[in-house]
Number of protein chains: 2
Amino acid sequence: MTKQRKVVYDVLLEERDHPTAQTIFERAQNELSSVSLATIYNCLDALVSHDVVKQVNIDREPSRYCANLCEHGHFHDQSTGDIIDVKFKPDVDLTQFLDLPQGAVIENLELNIKGFLKQ
Amino acid sequence: MTKQRKVVYDVLLEERDHPTAQTIFERAQNELSSVSLATIYNCLDALVSHDVVKQVNIDREPSRYCANLCEHGHFHDQSTGDIIDVKFKPDVDLTQFLDLPQGAVIENLELNIKGFLKQ
DNA sequence: GTCTTTTTTAGAACTATTCTAAATTTGCTA
DNA sequence: TAGCAAATTTAGAATAGTTCTAAAAAAGAC
Ligand SMILES: [Mn+2]
Ligand SMILES: [Mn+2]
Ligand SMILES: [Zn+2]
Ligand SMILES: [Zn+2]
């Protein structure tokens with residue numbers, strides 16, 4: 001855990017708004033002005049591959065990053081651009097409701113919802 | 001419906017393996033050797049915005065395209081790279097099992113599963 | 001403290017996609 | 001069918017998020 005990785009991780013814990021690498025870079029610079037964008041990407045890769053951070057890809061937009069480790073989906077508000085965590089109701093296993101191919105072993109399930117908030 | 005759009009759509013109906021724009025380009029050239037990659041993108045945009053084709057984005061890989069209009073998710077086999085349609089079991093509404101934010105109106109739901117097929 | 005390995009950094013490179021502008025095609029109306 | 005306007009196609013340039021490269025710095029082991 002280097003200084004840079006700690007700053008990146010702290011940025012993600014501090015404000016849970018699913019920032020992009022660029023936004024994380026800008027926030028990290030407040031703590032560590034010498035940090036580079038390449039390092040932000042390197043740190044995010046390290047955190048993601050150690051399963052401490054999730055990478056969230058919606059459409060073809062820049063990746064966003066999430067420190068919420070509970071299984072959850074994402075609601076993308078199309079009016080504001082906000083991305084909000086969506087928990088599954090207690091004890092729900094979504095895969096029960098799917099016609100999965102024979103012998104399917106699931107490593108990862110991703111649920112992305114687009115819409116808006118009425119009123 | 002131009003010649004080019006018909007060829008692109010036919011390619012998608014012919015082989016339902018979720019090809020990329022590049023693969024569609026290569027297949028379309030067999031029918032219409034003068035077609036350009038920019039046109040493939042233009043045609044796909046037209047088909048997607050008329051809701052005749054779905055664009056499937058998984059991770060940061062090139063977009064894939066799907067002519068299956070039933071609501072379905074995608075299983076991404078990590079051993080082969082294949083992307084397989086996953087139907088929802090009859091009469092299942094996945095949004096029932098989610099803690100959606102107050103007033104959420106859903107425009108689109110995307111479900112991507114990564115894993116492999118045992119045996 | 002020295003040596004080895006890992007990480008950081010700046011900048012170049014990469015690549016899927018979009019943009020530009022000219023040529024072609026399409027579809028309408030005469 | 002001919003003429004015209006609008007839409008589409010095309011080749012190639014541009015864009016942008018991300019990855020790569022190689023040198024410098026930092027970390028970790030002994
Ligand atoms: Mn952001
Ligand atoms: Mn392909
Ligand atoms: Zn999240
Ligand atoms: Zn599909």
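A, B, ... follow the sequence lines: proteins, then strands. Residue 1 opens every chain. Predicted model, so just to flag it, every value in this text is computed and none were measured.
Here the side chain of B/R5 is nearest to one of C/dT9, D/dT8, C/dT7, namely D/dT8. Proximity note for B/R60 (side chain, C-beta onward) versus C/dT8, D/dT18, C/dA10: the nearest is D/dT18. For A/P62, taking side-chain heavy atoms from C-beta onward, the closest of the listed nucleotides C/dT17, C/dT9, D/dG17 is D/dG17. The nucleotide whose nearest atom lies closest to any side-chain atom of B/S36 is, among C/dT7, D/dT10, C/dT9, D/dT10. For B/A38, counting side-chain heavy atoms from C-beta on, the closest listed nucleotide (C/dT8, D/dT18, D/dA11) is D/dA11.
For A/R27 and A/E14, the salt-bridge test fails: no basic side-chain N is under 4.0 Å from an acidic carboxylate O.
Atoms CG (A/D59) and C1' (C/dA16) sit 15 Å apart, rounded to a whole Å. Nucleotide C/dT18 holds its P atom 7 Å from the CD atom of B/Q55, rounded to whole Å. Between the OH atom of A/Y41 and the C1' atom of C/dC14 there is a distance of 13 Å, given to the nearest Å. Rounded to whole Å, the distance from CE on B/M1 to P on D/dT8 is 12 Å. One can place CD of A/Q4 at 8 Å from C1' of C/dT7, the figure rounded to the nearest angstrom. Whole-Å rounding puts the B/D45 CG to D/dA7 P distance at 17 Å. Summarising the geometry, the separation between CG on B/L32 and P on C/dT25 is reported as 11 Å, rounded to the nearest angstrom. Distance CD1 (A/I40) to C1' (C/dT7): 13 Å, rounded to an integer number of Å.
Taking CZ from A/R5 and CG from A/D10, the interatomic distance works out to 14.0 Å, rounded to the nearest 0.5 Å.
Classification of the A/H18-A/H72 ring pair by plane angle, with boundaries at 30° and 60°, yields tilted.
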>> Go through it in stages, so that I can follow the logic: the residues are A/I83 and A/I58, the test is side-chain contact (heavy atoms from CB on, under 4.5 Å), and I'd like the CA-CA distance, side-chain angles, deciding distance and then a yes or no.
In response: CA-CA 10 Å; A/I83 292 180; A/I58 295 185; 3.7 Å; yes
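Residues B/I40 and B/V8 are in side-chain contact: their nearest non-hydrogen atoms beyond the backbone lie under 4.5 Å apart.
Residue B/T2 is classed as a sugar-phosphate contact, given heavy-atom separations below 4.0 Å to backbone atoms only.
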